[in-house]
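Written out below as structure tokens is the structure these notes cover.
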Amino acid sequence: MALMDFIKKQFIDIIQWTETGDGTLAWRFPMAEMEIQNGASLTVRESQVAVFVNEGQVADVFGPGMYKLTTQTLPVLTYLKNWDKLFESPFKSDVYFFSTRQQVDQKWGTPQPITIRDKDFGAVRLRAFGNYSFRIGDAKLFHTEISGTRDIYSVADLDGQLRGLVLQNISNAIASSGVPFLDLAANQIQFAQALAAQLVPEFEKIGIKLENITVQNVSLPEELQKILDQKIGMGMVGNDMGKFMQYQTAQAIPKFAEGAANGGGGIAGDAMGLGAGVALGQVLAQNLAQGLSPNAAAQAAATQQQPAVAVVSPNDVMTTLEKLGELKTKGILTQEEFDAKKAELLKKLV
């Protein structure tokens with residue numbers, strides 16, 4: 001009886017894998033020193049692939065189904081071992097199971113800002129993150145390129161490699177998407193599609209099929225975010241440069257007055273700063289109302305016919321010129337527009 005039990009332990013007649021949890025990509029069937037009984041049953045469940053490996057060389061690959069292991073169902077292994085068609089003896093072979101179901105909600109992101117080149121702004125840095133899903137598409141290739149002879153190969157083992165591929169292809173994806181850098185945050189779907197197009201062939205090289213990738217956030221550098229805010233401000237006033245200047249200056253009045261009131265120039269300096277802020281506020285408020293009024297042209301003509309009742313102080317002119325210079329430096333104003341506005345302000349000092 002003991003001899004029969006010993007003999008039974010040496011042969012395997014059922015080969016199958018039941019996943020006990022998430023995250024396993026490849027699992028090696030435990031053979032030890034045992035052999036596979038000729039005519040043994042192989043069960044491959046849905047979302048699985050089984051691969052037979054003979055002395056390090058991939059032999060037969062089985063998709064979902066139930067199989068009886070004979071020379072007819074193992075043609076490659078039969079060829080590699082030079083079996084006769086009537087071969088019925090037990091045999092040795094490594095058997096690996098691969099999970100082909102989707103591995104979802106895999107995270108990717110830029111741990112540090114990455115530098116990319118933009119045609120408008122040159123070298124810029126950005127952060128981005130999102131998620132993706134994948135599955136094993138070619139079990140044979142995945143075995144030879146990635147998992148090898150390991151007993152278990154998990155999603156966590158592959159995570160670093162896939163993240164690296166995503167980060168490596170971000171620059172190419174931005175270039176191929178055709179989306180201007182400032183518009184990336186508002187075109188995340190188009191960016192994700194371009195990124196997927198770059199990643200699909202890279203994943204296929206290691207037997208992985210990319211199912212989906214999303215871009216959940218793109219963070220622009222602070223200086224470019226300010227330019228984007230200004231671009232939005234111009235859109236609010238219909239891209240009219242004159243109105244945009246009035247809008248920008250009106251936005252700065254509260255900060256100017258606050259800074260003048262809280263400055264370190266003493267009581268006299270505080271009073272002068274606050275007075276200049278109020279005077280500038282009155283002048284700019286009139287200009288803003290005139291620029292945005294439906295009867296702006298008629299009001300402007302009437303104002304020109306009236307004698308001037310106020311003179312802008314040099315401090316006011318210098319403050320406005322500084323703001324115009326900042327807009328020119330950021331590319332919002334051209335040199336010609338800046339020169340014209342400067343000449344107009346200098347005339348007010350005469």
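Side-chain atoms are counted along with the backbone in the values below, which use heavy atoms only and exclude waters and symmetry mates. These figures come from a predicted structure and were not determined experimentally.
- Looking only at side-chain heavy atoms (C-beta outward), Arg125 and Ile114 stay at 4.5 Å or farther from each other.
- A centroid separation of less than 6.0 Å is found between the aromatic rings of Phe91 and Trp83.
- Residues Val58 and Val76 come closest through the heavy atom pair O-CG1, 4.5 Å.
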Trace of the side-chain contact (heavy atoms from CB on, under 4.5 Å) decision for Trp108 with Leu195: CA-CA 12 Å; Trp108 69 269; Leu195 185 56; 4.1 Å; yes
Worked check of side-chain contact (heavy atoms from CB on, under 4.5 Å) between Thr110 and Ile170: CA-CA 10 Å; Thr110 53; Ile170 285 181; 4.1 Å; yes
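- Between the side chain of Thr70 and the backbone N or O of Gln72, at least one donor-acceptor pair lies under 3.5 Å.
- Residues passing the ring pair (Phe, Tyr, Trp, His ring centres under 6.0 Å) test with Tyr96 are His143, sequence neighbours excluded.
- One hydrophobic cluster, built from ILVMFWY side chains closer than 4.5 Å, cannot hold both Phe52 and Leu141; they sit in different ones.
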Stepwise side-chain contact (heavy atoms from CB on, under 4.5 Å) test for Tyr153 and Phe98: CA-CA 9 Å; Tyr153 196 90; Phe98 296 86; over 6 Å; no
Distance-only donor-acceptor hits, side chain of residues 129-137, under 3.5 Å, sequence neighbours excluded:
unit_1 : atom_1 : unit_2 : atom_2 : d
Asn131 : OD1    : Thr214 : OG1    : 2.4
Asn131 : ND2    : Asp105 : OD1    : 3.2
Ser133 : OG     : Gln102 : OE1    : 3.2
Arg135 : NE     : Glu211 : OE2    : 2.7
Arg135 : NH1    : Thr100 : O      : 2.8

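- Under the 3.5 Å distance criterion, the side-chain polar atoms of Tyr67 are matched with a main-chain donor or acceptor of Gly63.
- We find that Asp13 and Lys68 are not joined by a salt bridge, their nearest charged nitrogen and carboxylate oxygen being 4.0 Å or further apart.
- Annotation: side-chain hydrogen bond (donor to acceptor under 3.5 Å, both in side chains) contacts involving residues 50-65, sequence neighbours excluded, comprise Asn54-Lys81.
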Test log, rule side-chain contact (heavy atoms from CB on, under 4.5 Å), inputs Leu126 and Val218: CA-CA 7 Å; Leu126 86 161; Val218 176; 3.6 Å; yes
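- Rounded to the nearest 0.5 angstrom, Leu69 CG and Leu74 CG are separated by 5.0 Å.
- With a 4.5 Å cut-off on side-chain heavy atoms, Ser99 and Gln103 count as touching.
- Counting heavy atoms from C-beta on, the side chains of Leu25 and Ile146 never come closer than 4.5 Å.
- Here the straight-line distance linking atom CG of Asp138 with atom CD of Glu204 works out to 9.5 Å at 0.5 Å rounding.
- The aromatic rings of Phe29 and Phe97 lie tilted to each other, with the angle between the two planes from 30° to 60°.
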Contacts table for residues 39-51: side-chain donor-acceptor under 3.5 angstrom, sequence neighbours left out:
unit_1 : atom_1 : unit_2 : atom_2 : d
Arg45  : NH1    : Trp17  : O      : 3.3
Arg45  : NH2    : Gln16  : OE1    : 3.1
Gln48  : OE1    : Arg45  : N      : 3.2
Gln48  : NE2    : Trp17  : O      : 3.0

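- The two residues Ile15 and Ile12 make their nearest non-hydrogen contact at CG1-CG2, 3.8 Å.
- Residues Phe191 and Ala173 approach most closely at CE1-CB, 4.1 Å, considering heavy atoms.
- Residues Val166 and Val200 fall within the same hydrophobic cluster, defined by Ile, Leu, Val, Met, Phe, Trp and Tyr side chains chained together at heavy-atom separations under 4.5 Å.
- Tracing side-chain contacts under 4.5 Å through hydrophobic residues (I, L, V, M, F, W, Y), one reaches Trp27 starting from Met34; they form part of the same cluster.
- Contact check for Ile208 versus Phe142: side-chain heavy atoms found under the 4.5 Å cut-off.
- Across all their heavy atoms, Thr73 and Phe62 have their closest contact at O-CZ, 3.2 Å.
- Contact annotation: the side chain of Val155 never approaches that of Asp22 to less than 4.5 Å [non-hydrogen atoms, C-beta and beyond].
- Legend: residues meeting salt bridge (charged side-chain N to carboxylate O under 4.0 Å, His left out) with Glu202, ordered by chain and number and at least two apart, are Lys205.
- Distance check: Leu162 CG to Leu210 CG gives 9.0 Å after rounding to the nearest 0.5 Å.
- If you take CG on Leu77 and NZ on Lys92, they are separated by 14.0 Å, rounding to the nearest 0.5 Å.
- Applying the side-chain hydrogen bond (donor to acceptor under 3.5 Å, both in side chains) rule to pairs touching residues 157-169 yields Arg150-Asp157, Ser154-Asp157, Asp159-Arg163, sequence neighbours excluded.
- Looking at every heavy atom in both residues, Val53 comes nearest to Ser93 through O-OG, 3.3 Å.
- Taken to the nearest 0.5 Å, the CD atom of Gln37 stands 9.0 Å off from the OG atom of Ser89.
- At distances below 3.5 Å, at least one donor-acceptor pair connects side-chain atoms of Arg127 with backbone N or O atoms of Pro111.
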